[in-house]
There are 2 protein chains.
Amino acid sequence: MELPIKDTPSLALIQRGYGGAVDVEAISDCMQLLRLAKVLLGFFYARFAEHDISPGKYSVLMELLAQEEDESLSPSILAERIGVTRPTITGLIDGLVRQGFVLRRNLEQDRRGVAISLSDAGREFMRSFLPGQFDAMAGVVSALSAGQRQALRDALTTLEGSLR
Amino acid sequence: MELPIKDTPSLALIQRGYGGAVDVEAISDCMQLLRLAKVLLGFFYARFAEHDISPGKYSVLMELLAQEEDESLSPSILAERIGVTRPTITGLIDGLVRQGFVLRRNLEQDRRGVAISLSDAGREFMRSFLPGQFDAMAGVVSALSAGQRQALRDALTTLEGSLR
DNA sequence: CCCTAATAGTTAGGGCGCTAACTATAGCGA
DNA sequence: TCGCTATAGTTAGCGCCCTAACTATTAGGG
């Protein structure tokens, strides 16, 4: 999964009269946010691709790993926790089963459902993948000073509130 | 196009020993950035979907609108400017032609190529769509103070530099 | 002039997201 | 006990991203 990250020529079009009177500086700030959003997601998507997983598969593996070892989750619960639809979760599980990372078992007490759990191979994959992933996550903000990080937290909290 | 925006249980897994010794606060900061990235992109993707376009189609329309009215662009140039591959641009143009927003003409001087330009309907669509789009973009940062915006600019510049 | 390499764009197929519709099963009320 | 509603998961098809491979055309060198 890749995200096109180039800027659109918004500022040039504003200068040519599209959009009426707008706060050009605010638009610039928004473009910088959008660009950072795409770069950041792209950075992690590229890491996932190197390990032959996708963002969706990563989320499934994380949710399953967070369970106790002998527990499973249903596709419906997984879909809800990850924020995708049930057809999508079926496809992600299909792929993870093919990769050998996940087991799909029929439920005895309710033949409509299936139980999804991590396989040993899946658990092992996550055990080896996660240290580098968490290092990469920690590394994202490591170039910022402590003051910048606090300022970023405050700003992002406000932004999230107004975008929801 | 939608992005699953739920958090993964990274902090819970770190507490259970996956990932070794990591800076938990840095990971939290990164998760907040990732969440904001998905919320922000999702916000604009939802706006595009309301107008029956996709992020990729929007980028195509923007690049074509930025041309002089009697100029066209080739699919290769469009793909390069937007940051997608040529098969992808073919599909986006197909869709925009179907929607009547774009014209695809054969080149007389080089029969390998085609010339892509905005149709009158496409120009009209953008003329009506862009004011709201620029307002929405300006609105994203409107809840921040001037100091917060400057701090955000500084932090995002540093982050972009370290992620590239 | 011919042949090879390069270019432009498309097609095929896959993965991942969706909606709509389907099949199979469970639950509940009359 | 039966019929209807609800639930679980899957399938079909579409759009958008990709890679690989293809067709058609152009350019250039021998």
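All chains are named by letter (A, B, ...) in the order of the sequence lines, taking the proteins before the strands, and each is independently numbered beginning at 1.
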Phosphate contact (dG15(D) OP1 or OP2) by K57(B) side-chain N/O below 4.0 Å: no
I116(A) CD1 - dA8(D) C1' separation (whole Å): 11 Å
Annotated protein contacts, base or backbone, on nucleotides 3-14 of chain C with a non-hydrogen cut-off under 4.0 Å, one of B, S, - each: ----BBBBB---
Partner residues of K57(B) under the side chain to side chain donor-acceptor pair (under 3.5 Å) criterion, sequence neighbours left out: Q99(B)
Within residues 40-56 of chain A: residues closer than 4.0 Å to DNA chain C (heavy atoms): S54(A), G56(A)
Donor-acceptor under 3.5 Å (S119(B) side chain, G100(B) main chain): yes
Short side-chain to backbone donor-acceptor contact, E124(A) and A121(A), under 3.5 Å: no
Salt bridge (Lys or Arg N to Asp or Glu O under 4.0 Å) partners of R111(A), counting only residues at least two apart: none
Rounded interatomic separation in angstrom, taking CD from Q109(B) and P from dT25(D): 15 Å
Nucleotide of dT25(C), dC18(D), dT26(D) approaching R111(A) most closely (side-chain heavy atoms): dT25(C)
Given DNA chain C, 5'-ward residue of the pair G95(A) and E108(A), judged by closest heavy atom: G95(A)
Sugar-phosphate only, base, or nothing, as touched by L92(A) at under 4.0 Å among non-hydrogen atoms: sugar-phosphate
Spacing of Y58(B) atom OH relative to dC17(D) atom P, expressed in whole Å: 15 Å
Check: R153(A) side chain, D29(B) main-chain N or O, donor-acceptor pair, under 3.5 Å: no
Pairs meeting criterion side-chain hydrogen bond (donor to acceptor under 3.5 Å, both in side chains) with involvement of residues 45-56 of chain B, two or more places apart: R47(B)-Q133(B)
Pairs of donor and acceptor atoms involving the side chains of residues 7-15 of chain A, under 3.5 Å and at least two apart or interchain, shall be tabulated with distances.
unit_1 : atom_1 : unit_2 : atom_2 : d
D7(A)  : OD1    : R35(A) : NH1    : 3.3
D7(A)  : OD2    : R35(A) : NH1    : 2.6
T8(A)  : OG1    : S10(A) : OG     : 3.0

Between dC17(D) (C1') and K38(A) (NZ): distance, integer Å: 14 Å
Chi angles and distances behind the side-chain contact (heavy atoms from CB on, under 4.5 Å) call for L36(A), L33(B): CA-CA 9 Å; L36(A) 195 273; L33(B) 272 166; 4.1 Å; yes
Y58(A) and its ring-ring contact (aromatic ring centres under 6.0 Å, His included) partner, picked from F44(A), F48(A), F101(A): F48(A)
